[in-house]
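Some notes on the structure that comes next.
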Amino acid sequence: MSNVKVRFAPSPTGYLHVGGARTALHNYLYAKRKGGKFILRVEDTDQERSTEEALQMQLQDLKWLGLTWDEGPQVGGDFGPYKQSERLSIYKKYADEILTKGKAYYCFLTDEEIDKQREDAMKAGRPPQVQSPYRDWSTEKALTEIKSGKRAVVRFKVPKEATEYGFTDLVRGDVKFPSDMVGDFVLLRSDGMPVYNFCCVIDDHLMKITHVLRAEEHLSNTLRQMMIYEALGWETPQFAHLSIILGPDKQKLSKRHGATSCHEYMEKGFLPEALNNFIALLGWSSPKGQEIMSMKELIEQFDLDRMTSSPAVFDETKLLWVNETHLRALPNADLWMRVKPFLDKHNVNYSGDSDWQSKSLDAFKPAMRTLLDGVTLFSLLDDESFAVYEESREALNWTKSESVILAWSDLVKASGKEYLSALEFEAIQNQVKEKCQVKGKELFMPIRVSVIGKPHGTELKLLVPLLKVDSLVKRASKTIRAAKEKQFKPSPVAEAEKH
RNA sequence: GUUCCCAUCGUCUAGUGGCCUAGGACACCUCCCUUUCACGGAGGAUACAGGGGUUCAAAUCCCCUUGGGAACGCCA
């Protein structure tokens with residue numbers, strides 16, 4: 001019904017960056033909202049940096065986010081191939097067309113000559129543009145040079161007389177460029193490989209792209225691209241330039257800011273729906289002012305009229321909040337499926353019983369911000385990783401602590417059960433209270449230390465039923481021993497601070 | 001340097017000339033809940049970069065300044 005067709009066109013030079021993911025997401029949302037198509041095109045004309053491995057990684061990240069494409073690699077489509085490196089003959093054809101029209105020329109300038117020109121221009125306060133002496137050579141003359149072995153690039157002939165190129169950007173409004181802002185730019189490299197601005201135009205046109213939503217850094221490329229559209233007599237698509245994403249220091253988000261790839265966020269235990277939700281909000285806001293949204297809601301509410309043109313800082317703290325909110329809203333069975341791979345990866349043992357899993361999740365959910373947090377939490381229930389931590393030292397030094405733990409252990413053992421219920425736990429706790437004549441934290445802290453090795457954490461009545469009785473007893477005796485020998489494991493936090 | 005883009009709480013943002021003594025969210029602080037830690041609940045502090053216009057009226061329109069960013073590649 002709708003003829004809206006958008007594309008995400010990454011270059012496979014590494015992992016999928018969160019900035020790229022945001023561009024992909026906004027394109028996807030727009031397509032879905034308008035009932036149009038979202039296509040994926042691989043811009044791999046930079047042979048030096050593009051790799052098949054990086055491409056596979058990016059495709060995987062896109063799938064992880066649920067941003068599936070209607071046309072592109074792996075799914076095909078009527079306008080393929082979708083890898084630019086496989087479309088070389090197409091680009092060649094249109095380069096010839098522009099050449100024939102006299103709107104481009106072969107240029108034999110060497111890198112050194114260009115560098116020198118740029119340097120001189122900068123010194124003289126002129127924009128660093130190429131001035132090619134080959135601009136007015138005839139194609140025939142150039143071709144004979146090429147036949148004799150000389151290498152040449154194809155340069156676009158930017159009109160000498162300065163005019164103004166303007167278009168209406170869907171997020172920025174009217175934008176105008178003076179044509180002399182750019183010098184003659186390259187269309188085809190000397191090895192015949194086309195360059196970004198050129199293939200971008202050819203492909204967007206041939207693939208019938210109606211709206212180009214891309215990052216702001218491409219804004220000034222639009223001028224060159226408009227010139228190419230003009231030279232070919234084609235109509236330009238609609239452009240929308242998305243504001244860039246900044247790091248906390250307000251500089252363009254890059255690796256030195258820490259995690260910047262989707263893959264890293266996946267490994268850190270973030271949910272794809274949370275990353276999507278958070279990223280969607282960078283440069284866009286819900287008309288309802290809603291903050292937490294499912295993919296379905298994002299699609300329903302997304303449109304270009306609510307895009308911001310100012311850059312946005314990527315705030316990991318807020319991402320964490322978005323993540324924990326999505327995470328806690330997940331049904332236990334679903335959450336378990338997501339936590340499990342993390343537990344397996346970190347060799348955390350757990351019960352196969354789904355009731356146990358669900359109860360554990362109920363107990364830990366309030367403390368879980370990421371799936372990775374599940375690893376720390378669930379290892380508390382794993383006998384193999386039980387240890388008494390440094391932070392328990394104080395509680396174990398209290399005069400009655402040892403007797404409390406001993407009494408606790410005896411009563412637990414005497415229960416004869418496999419697992420204690422919450423009620424049974426409370427009954428035992430009360431008996432310990434009477435027997436040792438302690439209350440408050442002097443009562444429950446030593447008990448908690450003997451259960452998880454730490455004085456703080458999840459409510460005991462939730463925790464205790466998750467551990468087998470004989471495990472509780474063993475843990476208690478280990479705790480007593482640790483207290484006597486003053487052997488404590490450094491707390492993870494303190495450890496981290498050392499580094 | 002040149003051109004272009006941008007400018008509301010620390011951060012993401014609402015706001016399209018009167019509804020703004022500027023709203024929401026994250027973070028922060030206080031209190032409540034709680035025999036701990038979290039969760040949760042209730043409050044609080046914090047912003048229209050500066051200067052000129054236009055207008056009865058400006059966060060909103062115009063200009064300048066300042067600040068930030070991007071582009072100026074045989075990268076994308």
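Keep in mind that the numbers below use all heavy atoms, side chains included, and drop hydrogens, waters and symmetry copies. Numbered from 1 within each chain, the chains take letters A, B, ... in sequence-line order.
Of the nucleotides present, B:G18 is the one that pairs with B:C56 by Watson-Crick or G-U wobble criteria, both distances under 3.5 Å. In this entry B:U66 has B:A7 as its Watson-Crick or G-U wobble partner, both defining distances falling under 3.5 Å.
The salt bridge (charged side-chain N to carboxylate O under 4.0 Å, His left out) analysis of residues 180-198 of chain A, with sequence neighbours excluded, yields the pairs A:Arg135-A:Asp184.
Around CD of A:Glu53, the count of heavy atoms belonging to other residues, nucleotides or ligands within 6.0 Å does not exceed 12. The neighbour count for A:Lys268 NZ, taken as heavy atoms of other residues, nucleotides or ligands under 6.0 Å away, is above 12. Other residues, nucleotides and ligands contribute more than 12 heavy atoms inside 6.0 Å of the CD atom of A:Glu164.
Annotation: the span from A:Glu291 atom CD to A:Trp321 atom CH2 amounts to 5.5 Å, rounded to 0.5 Å.
Note on A:Gly289: nothing from the nucleic acid sits closer than 4.0 angstrom, heavy atoms only. When heavy atoms are screened at a 4.0 angstrom cut-off, A:Ile292 is found touching no nucleic acid atom at all. A:Phe177 comes within 4.0 angstrom of the backbone, heavy atoms only, and of no base.
For A:Asp373 (side chain) and A:Arg369 (main-chain N/O), a donor-acceptor pair under 3.5 Å exists by modelled atom type.
With the nearest nucleotide of RNA chain B identified for both A:Arg328 and A:Met307, A:Met307 has the one nearer the 5' end.
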Got a list of protein N/O to nucleotides 67-76 of chain B N/O distances below 3.5 Å?
| unit_1 | atom_1 | unit_2 | atom_2 | d |
| --- | --- | --- | --- | --- |
| B:G69 | OP1 | A:Gln251 | OE1 | 3.2 |
| B:G69 | OP1 | A:Gln251 | NE2 | 2.5 |
| B:A71 | O4' | A:Ser220 | OG | 3.2 |
| B:A71 | O2' | A:Ser220 | OG | 2.9 |
| B:G73 | OP1 | A:Arg118 | NE | 3.4 |
| B:G73 | OP1 | A:Arg118 | NH2 | 3.3 |
| B:G73 | OP2 | A:Arg118 | NH2 | 3.0 |
| B:G73 | OP2 | A:Pro128 | O | 3.1 |
| B:C74 | O2 | A:Ser190 | N | 3.1 |
| B:C74 | O2 | A:Ser190 | OG | 3.0 |
| B:C74 | N3 | A:Ser190 | OG | 3.0 |
| B:C75 | OP2 | A:Arg189 | NE | 2.1 |
| B:C75 | OP2 | A:Arg189 | NH2 | 2.1 |
| B:C75 | O3' | A:Arg189 | NH2 | 3.0 |
| B:C75 | O2' | A:Asp46 | OD2 | 2.8 |
| B:C75 | O2' | A:Arg49 | NH2 | 3.2 |
| B:A76 | OP1 | A:Thr45 | OG1 | 2.5 |
| B:A76 | OP1 | A:Asp46 | N | 3.3 |
| B:A76 | OP1 | A:Arg189 | NH2 | 2.9 |
| B:A76 | OP2 | A:Tyr196 | N | 3.0 |
| B:A76 | O3' | A:Glu43 | OE1 | 2.8 |
| B:A76 | N6 | A:Asn221 | OD1 | 3.2 |
| B:A76 | N6 | A:Asn221 | ND2 | 3.2 |
| B:A76 | N1 | A:Asn221 | ND2 | 3.3 |

Close N/O contacts between protein and nucleotides 59-64 of chain B (under 3.5 Å):
none

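B:C39 takes the syn form, because its glycosidic angle lies no more than 90° either side of 0.
Figure legend: cation-pi geometry between A:Lys150 and A:Phe108, with NZ or CZ positioned under 6.0 Å from the six-membered ring centre and within 45° of its axis.
Checking the phosphate oxygens (OP1, OP2) of B:A14, a side-chain nitrogen or oxygen of A:Ser285 falls inside 4.0 Å.
Using cut-offs of 30° and 60° for the angle between ring planes, the A:Phe278 and A:Phe314 rings count as perpendicular.
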